[in-house]
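Here is the structure we will look at.
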Amino acid sequence: MSEETSKPLNFIERIVKEDLESGKVTSVRTRFPPEPNGYLHIGHAKSIWLNFGLAQKFGGKCNLRMDDTNPEKEDEEYVESIKADVQWLGYQWDGEVHYASDYFDQLYDWAVYLIKAGKAFVCDLTADEMRAYRGTLTEAGKESPFRTRSVEENLELFTQMRDGAFPDGSRTLRVKIDMASSNINLRDPVIYRIKRATHHQTGDKWCIYPSYDYAHGQSDAIEGISHSVCTLEFEVHRPLYEWFIDNIPVPAQPHQYEFSRLNINYTVTSKRKLKQLVDEKHVDGWNDPRMPTVSGLRRRGFTPKAINDFCEMAGVTKVEGVVDLGMLEFAIREDLNNISPRAMCVLRPLKVTLTNYPDDQVETMTAPVHPQNEAMGTRAMPFCREILIDQDDFREEANKQYKRLVLGKRVRLRNSYVIEADEAVKDADGTIIEVRARVIEDTVGKDPADGVKAKGVIHWVSARDNVDCEVRLYDRLFSDPAPDAGGKNFLEFMNPHSLEILNGCKGEIGLAQATLDDRYQFEREGYFVLDSKYSTTEKPVFNRVIGLKDTWEKK
RNA sequence: AGGGCCGUCGCCAAGCGGUAAGGCACUGGAUUUUGAUUCCAGCAUUCCCAGGUUCGAAUCCUGGCGGCCCUGCCA
């Protein structure tokens, strides 16, 4: 078998490959650097897939590093969830989890180094003043009046900053680059601020914290990161990233590469907005099955494989596009179709009495667990005079397009008999409450002897012996393809029908053995998994991961 | 508007001077006890636009147009 159909490398893989071949680097080390200020979402999953995947493909290692330079927004709860999500996605970081805060001492020493080199100064400008001095996109900024302080004074003030001599926000340590630079990030950026906040890792050891720009590249250098991959918004920070690497005696020379972040239509992937959905209780927590968080997708029933496949399908470029939600849905259907045991579950039950079937008779029907995979074995289910079918699968009359049960017509009960409907029993309101039908003799595994074949196949379950359960049907959280585009308020586009809870659903008896790890295909309905939050042994609650592809009921 | 980045089918995305891969979606048609799966077939004479270079351009040059990012002591 030749591998001539192998996928072309994406641009970052190509860079890594060329760096290895040219000897620019001798080994690959990447890192996934989340800030522990929220739960990971599908966009992070792509970064995880890319960074860990790069390391795997090129025989390297990938670190997990918490970018924890802002204690006010961060929390240990988030670091725990991040670790769990990364592992669930199927990846293991090299060695221990790293933290930018592990390097606070080194970063401090390097700041002192910059001061001694005359390249950093303590600035007394207030935030407002600093903004005014910074200039605008088209006008150069002005140099801070404190820029010319002596090295000695800067050293003394910076030490006092560290020792808590000044109130929060009163001074900063800035680096001297160029107030006239067309890249605003180079206009003497702040690298330390005073912030009396208890840090989830370092406690109250520090009252000054390094900025992202100052901490990130040096952390990469300390860890020996060969390829520091981030998203496009950091592209304009690269000159600063390089300035630090060039002006500080770091142990390695990492390089930053940027790719476009993942956008999916009908979805918001912004930590701030996801947090708002959670905080304002629009959803049932970070792991609400409708959330695009890794924990939400997990609870919804997505598999790590589907998520990784999806990331691969979407590709890596610098084009800022929007991937169709349909691609994610395709990925999960494809995986689940291959691995899911089949089962029958009637979501909206309608009783069918088989008038010619003896009341005291029970037959055991046998069905394959997976029609395309015999190795998965068979399952058994009882069949008797009273069964349940879905309300949508019966009509008193219908055109010939309709392939389900119709009065006077036949339909196949999946894995069982062909039946023919005789009568629809209605209540006082005219609602059909029961169908009376007949079993066509000797039709299990064969067509009717009279040659009148059934038009279609419907699922069913014994009315006497089944598993009562709740089923939750999910739809996209937003009804607008771009809920947060432009100046739109994404909350106005929440889909009011994103969750439909069905009670009194009846599943085949085997479903009583379902565990949280099992994903089933409810035949003709979709893929389902037990809800980890609400399901109990007494009352199973199934989440619909995704419906089957439907080329009939197009809304 | 100063700087940076981007523009190939409805959506992703290959292509890197030699005459438009692939996936999703969609449309047929075959098989099917899931209107699923599987299977076959179709789906950009054209690459944001306009000029230019060249025997030859999506690929090179010039000029436009459109989009995104940057004026946090956030990351």
**Message:** With salt bridge (charged side-chain N to carboxylate O under 4.0 Å, His left out) as the rule and sequence neighbours excluded, what pairs involving residues 136-147 of chain A come up?
**Reply:**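 Every salt bridge (charged side-chain N to carboxylate O under 4.0 Å, His left out) pair that includes a residue of residues 136-147 of chain A, provided the two are not neighbours, is A:Glu143-A:Arg147, A:Arg147-A:Asp188.
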Sorted by number, the residues of [range] with heavy-atom contact under 4.0 Å to RNA chain B:
range	result
residues 64-77 of chain A	A:Asp67, A:Thr69, A:Asn70, A:Lys73
residues 167-176 of chain A	A:Gly169, A:Thr172
residues 126-137 of chain A	A:Thr126, A:Ala127, A:Met130, A:Arg131, A:Arg134, A:Gly135, A:Thr136, A:Leu137

**Prompt:** Excluding sequence neighbours, so at least two apart, what forms salt bridge (Lys or Arg N to Asp or Glu O under 4.0 Å) with A:Asp390?
**Reply:** none
List for me each residue that meets side chain to side chain contact (heavy atoms under 4.5 Å, CB included) alongside [X], sequence neighbours excluded, and say none if there are none.
X	answer
A:Asp450	A:Arg410, A:Pro448, A:Val452
A:Asp335	A:Thr303, A:Lys305, A:Ala306, A:Ile339
A:Ala180	A:Ala140, A:Asp178
A:Asp124	A:Val122, A:Phe146, A:Arg149, A:Arg171

Shorter than 3.5 Å, N or O on both sides, protein versus nucleotides 7-11 of chain B: list them out with atom names.
from, atom 1, to, atom 2, distance (Å)
B:rC11, O3', A:Val322, O, 3.2
B:rC11, O2', A:Val322, O, 2.8
B:rC11, O2', A:Asp324, N, 3.4

**Prompt:** Is there aromatic stacking of A:Tyr212 against B:rA75, centre distance under 5.5 Å, plane angle under 30°?
**Reply:** no
**Request:** Go along nucleotides 14-21 of chain B 5' to 3' and tag each nucleotide: B for a protein heavy atom under 4.0 Å from its base, S when only backbone or sugar atoms are that close, - otherwise.
**Result:** SSB-----
Kindly list each side-chain donor-acceptor pair under 3.5 angstrom involving residues 319-333 of chain A, sequence neighbours excluded, with atom names and distances?
from, atom 1, to, atom 2, distance (Å)
A:Asp324, OD1, A:Gly326, N, 2.7
A:Arg333, NE, A:Gly547, O, 2.7
A:Arg333, NH2, A:Gly547, O, 3.3

